[in-house]
Amino acid sequence: LPALPPDRLPGLILDWYDRHRRDLPWRMAPGVPSDPYRVWVSEIMLQQVRVETVRRYYGPFVERWPSVEALAAAPVEEVLRHWSGMGRYARAFNLHAAARLVLERHGGRLPDEEEALRALPGVGPYTAAAVLAIAFGRAATPVDGNFERVFARLFALRDPLPAARGEIRRLAATLTPGERPGDYVQAVMDLGATVCVPRRPRCGDCPWRDACDARALGLQDALPAGTAKGPRPRRHAVAFLARRGGRVLLRRRPPRGLLAGMLDLPATAMRDRAWRRAEALPDAPFDAAWRRVRGTVRHALSNFDVEVAVMAAEADGGIPENGADLWIEPQDAGREALSTLARKLLAHAAAKGRPKAAR
Ligand code: SF4
């Protein structure tokens, strides 16, 4: 088995990081202190979203709202509009609510204590540890999927995930150094993203190759064990595309829950079975000759996929008032805080042309 002492590991990966670190817009140049606000925004954006996607949104966001104060003063609808397209909108809601709390409770300075950070909406153990390490130089260890993979291999932990998670966290935390902890955690993140990748890790390029138990045992492709995922659950919904004089009807979703606060097409609930026409129609925004648009739209949400059928109608008479409703020109949709699903539904309805006869 490899004989490198564990205390050599942080130095090895930090040297590697100094030469190979990814150039990301939220990273400071070496030696330049990080702005806690920017670190926090980037970590919230990066939750379950690809780095390449976050790259596009991060710059314009912090340019528009460069501080806690600026973000707290912004109308939430505007924040959602900027977030639109990145998905998982509850994060934007939480970020905005948290900015107001930071202003109120901490005078606009992000707290540097785990408990106070975790008291903010949207900040869990991972984000708190990432902010503590990267923004405040604390020896905290944010363990995400990259960390789990790297450490399951480094220590050749054969228990399958998620059971092995506790042991991985414990072992990972033993290595986090007191010197440059922020660079260290970003180095592990980079190692997992570029070298110790899920399939065919590039061990020859790895700074920990001489310390890695999985490599010594030829297990690097087999670990971590038990990460195979079953099929994602699928849910069904029917959305209603109401047109009036060239405009379409959108409805703002409630401020809490799935796609909170976003504009969406009026729709049924999401459920496990497909909807029959007669079951869906009571949820239509008004009585009309609703006709089914050909095909369906599939969309991946955080924990499940949804398949949405579209029913379309022209509004010709009086329509019940609903304070959450808004009629917009389809070409103006890009300027609104529209969910990605709503954008897909509008594009689908436009591409499929005339609705087919009612079933
Ligand atoms: S040697 Fe290979 S398996 Fe081990 S940590 Fe490095 S890339 Fe991952």
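We count ligands from 1, going down the list as the structure has it; atoms in each ligand are counted the same way.
- Aromatic ring centres of Tyr57 and Phe61 lie farther apart than the 6.0 Å criterion allows.
- Of all the heavy atoms of Cys196, the ones lying under 4.0 Å from any atom of ligand 1 are found in both the backbone and the side chain.
- In this structure, Phe151 and Phe155 have parallel ring planes: the angle between them is below the 30° cut-off, well short of the 60° mark.
- Other residues, nucleotides and ligands contribute over 12 non-hydrogen atoms within 6.0 Å of the CD atom of Glu329.
- In summary, the atoms of ligand 1 found under 4.0 Å from a heavy atom of Cys212, numbered by their order in the structure, are 1 (S), 3 (S), 4 (Fe), 5 (S).
- Salt bridge Glu307/Arg298: present, at least one basic N to carboxylate O contact under 4.0 Å.
- By the 6.0 Å contact criterion, CZ on Arg109 is open, its count of non-hydrogen atoms from other residues, nucleotides or ligands being 12 or less.
- In this structure, Asp190 does not pair ionically with Arg21, as no charged nitrogen and carboxylate oxygen lie closer than 4.0 Å.
- Which parts of ligand 1 touch Arg209 is read off a 4.0 Å heavy-atom cut-off, strictly below it: atoms 1 (S).
- In summary, the atoms of ligand 1 found under 4.0 Å from a heavy atom of Arg215, numbered by their order in the structure, are 1 (S).
- Scanning the protein heavy atoms around atom 2 (Fe) of ligand 1, the nearest turns out to be Cys203 SG, 2.3 Å.
- Set against the non-hydrogen atoms of Gln220, the atoms of ligand 1 under 4.0 Å away are 3 (S).
- For ligand 1, the atoms lying closer than 4.0 Å to a non-hydrogen atom of Arg153 are 3 (S).
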